[in-house]
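In this chain, residues are counted from 1 in sequence order. Here the structure is a predicted model, which means the values were calculated and not measured.
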Amino acid sequence: MKKYRLWLAAIAAAVILGGCSDRAQKEMLKSYEVSYGMDEVLSSPSGNSGKADFFAENLCVVESEDAFTDDLINAGAAIIFNRTDREVVFSNDAYTRLYPASITKLMTVLVALENGNLEDTIQITDEMLTGLEGTSLAGIQSGETYTLEQLLYGALLPSGNDAATAIAWLVGGGSADNFVSMMNDTAASLGATGTHFMNPHGLSDDNHYTTAYDIYLIMNRLLDYEQFTQIISTSSYTAEYTDADGNPAERVFSTTVRYVSGDTEAPEGVTVLGGKTGTTTPAGSCLALVSTDGEGDQYISVILKADNRASLYEQMDELLTKILK
């Protein structure tokens with residue numbers, strides 16, 4: 001298949017319509033230039049054209065990062081955008097490709113919400129759990145049966161790789177590989193051209209990467225779903241599932257986001273609605289959040305590749321204080 005070097009036309013339209021300068025337009029487009037097959041970008045999973053239609057909507061666009069400096073921010077990438085007013089509050093390396101770890105599950109949940117039925121059920125099999133030993137798990141076991149809605153909680157709150165894989169099998173029609181293709185199709189439809197997925201959970205792979213800006217695009221779409229906001233704002237959820245013997249049982253899923261669990265307080269004047277954590281050795285400590293200020297404006301903030309959890313939350317606090325300045 002012939003490849004073309006594509007400057008995504010829809011992004012250009014968004015910048016021009018937003019009134020950015022010629023220099024800013026060129027700088028932003030250069031940052032976001034990525035090689036794609038034209039059919040990947042212009043054809044939707046259903047065969048319809050216009051995968052970049054989403055860029056017809058007004059989005060935050062990073063014109064230049066020259067004006068943003070903060071000695072306390074040293075992660076691989078850090079952004080905070082005002083989703084309500086579509087303003088960039090702070091941006092550092094927004095377009096740098098990095099490993100997302102379990103931030104991946106944001107896309108897993110988005111594909112599930114766009115293509116699945118919350119009441120659909122799936123029985124967990126040994127095959128779904130293979131290779132996940134010793135990783136972040138929700139604790140689901142072979143033979144148990146869950147609804148898609150319960151698995152969404154299991155993927156987002158305790159960051160269960162088992163729950164994410166079960167979602168992939170359920171929504172992907174029995175094929176995790178098919179589901180991953182759906183993830184990449186959805187990324188392209190959002191204009192997330194710095195992103196490529198290899199699995200539904202975020203375990204490390206050289207070809208599994210994203211950018212802080214692309215995470216913003218994914219979160220921005222997810223916030224159109226009330227179910228997503230409900231899940232990420234929940235500190236603990238009890239799933240009433242069916243065990244391997246066919247009996248009713250319960251399993252508790254608890255959030256890993258310290259602002260939601262109450263283990264960390266947000267800066268005064270900022271309300272954290274929820275978010276998603278991610279941690280692997282190659283990815284470092286990662287966090288994507290949705291927050292509001294006292295005026296009700298909504299913000300999306302992302303930090304990728306902080307050195308450790310303590311540094312992650314210190315830097316996120318620093319980002320959140322920028323809302324109030």
Side-chain angles (χ1 to χ4, degrees), residues 10-21 24-25 27-29 31-32 54-70 72-73 75-96 103 106 110 190-192 194-195 210-226 228-230 232-233 257 259-260 264-276 286-304 306 312-325:
I11 300 180
V15 178
I16 293 168
L17 289 174
C20 297
S21 67
Q25 292 172 28
E27 184 171 340
M28 190 280 293
L29 289 170
S31 300
Y32 226 62
F54 185 61
F55 275 92
E57 304 292 334
N58 290 324
L59 293 169
C60 295
V61 175
V62 181
E63 299 180 20
S64 170
E65 294 185 328
D66 293 345
F68 303 115
T69 58
D70 191 323
L72 298 179
I73 304 294
I79 62 170
I80 184 163
F81 297 165
N82 184 324
R83 183 174 183 256
T84 303
D85 292 340
R86 297 179 296 279
E87 293 180 351
V88 177
V89 179
F90 181 88
S91 180
N92 185 45
D93 291 324
Y95 301 117
T96 299
I103 301 289
L106 292 175
L110 177 58
L190 295 175
T195 291
T210 190
T211 70
Y213 187 82
D214 286 359
I215 293 171
Y216 153 71
L217 294 178
I218 296 166
M219 287 279 278
N220 189 57
R221 176 62 68 87
L222 274 167
L223 288 168
D224 291 337
Y225 291 90
E226 183 179 348
F228 173 71
T229 306
Q230 178 179 322
I232 63 171
S233 63
V257 178
Y259 293 112
V260 180
T264 297
E265 291 187 8
E268 187 175 355
V270 176
T271 300
V272 173
L273 301 182
K276 183 71 197 75
C286 309
L287 180 60
L289 285 185
V290 182
S291 309
T292 59
D293 62 15
E295 302 299 319
D297 284 4
Q298 197 172 72
Y299 297 80
I300 294 173
S301 52
V302 180
I303 290 180
L304 298 178
L312 173 68
Y313 280 91
E314 289 171 0
Q315 292 184 67
M316 185 59 76
D317 281 348
E318 179 70 8
L319 281 184
L320 294 177
T321 60
K322 297 179 186 300
I323 293 174
L324 308 174
K325 295 179 180 178

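Across all non-hydrogen atoms, the minimal contact from Arg86 to Leu59 is CD-N, 3.9 Å. The minimum heavy-atom distance between Ile103 and Ala288, with the atom names listed, is CD1-N, 3.8 Å. Across Ser91 and Ile79, no two heavy atoms sit closer than the pair OG-CG2, 3.7 Å. In terms of heavy atoms, Phe81 sits closest to Val62 at CZ-CG2, 3.7 Å. Residues Ser291 and Val270 share a closest heavy-atom pair of CB-CG1, 3.9 Å. When all heavy atoms are compared, the tightest approach of Gly269 to Leu324 is O-CD2, 3.8 Å.
The aromatic rings of Tyr95 and Tyr213 sit tilted, their planes meeting at an angle between 30° and 60°.
The number of heavy-atom neighbours closer than 6.0 Å to CD of Gln230, taken from other residues, nucleotides and ligands shown, is above 12.
A donor-acceptor pair is defined here as one N or O able to donate and one able to accept, closer than 3.5 Å; no such pair exists between the side chain of Glu318 and the backbone of Ile73. The backbone N or O of Ala75 lies less than 3.5 Å from a partner atom in the side chain of Gln315, making a donor-acceptor pair.
With contacts defined as side-chain heavy-atom distances shorter than 4.5 Å, the pair Val89/Ile323 does not qualify. Counting only heavy atoms from C-beta outward, the side chains of Leu304 and Ile215 approach each other to under 4.5 Å. A heavy-atom distance below 4.5 Å is found between the side chains of Ile218 and Leu110.
Not a single ring-ring contact (aromatic ring centres under 6.0 Å, His included) links Phe228 to another residue, sequence neighbours left out. A search for ring-ring contact (aromatic ring centres under 6.0 Å, His included) contacts involving Tyr259 returns Tyr313, not counting sequence neighbours.
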Discussion item. Quick one, Thr229 with Val290, criterion side chain to side chain contact (heavy atoms under 4.5 Å, CB included). Give me CA distance, side-chain angles, the key distance, then yes/no.
Written reply: CA-CA 9 Å; Thr229 306; Val290 182; over 6 Å; no

Item to complete: Go through Met316 and Leu320 one step at a time and tell me if the side chain to side chain contact (heavy atoms under 4.5 Å, CB included) criterion holds.
Response: CA-CA 6 Å; Met316 185 59 76; Leu320 294 177; 4.2 Å; yes

Worksheet item: Lys322 and Asp70: side chain to side chain contact (heavy atoms under 4.5 Å, CB included), yes or no, with the steps?
Response: CA-CA 11 Å; Lys322 297 179 186 300; Asp70 191 323; 2.6 Å; yes

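Atom CG of Leu312 and atom CD of Glu314 lie 9.5 Å apart (nearest 0.5 Å). In this structure, Leu289 CG and Ile232 CD1 are separated by 8.5 Å, a value rounded to the nearest 0.5 Å.
The side chain to side chain donor-acceptor pair (under 3.5 Å) contacts involving residues 294-304 comprise Asn82-Asp297, Asn82-Tyr299, Arg83-Gln298, Asp293-Tyr299, where partners must be two or more places apart or lie in separate chains.
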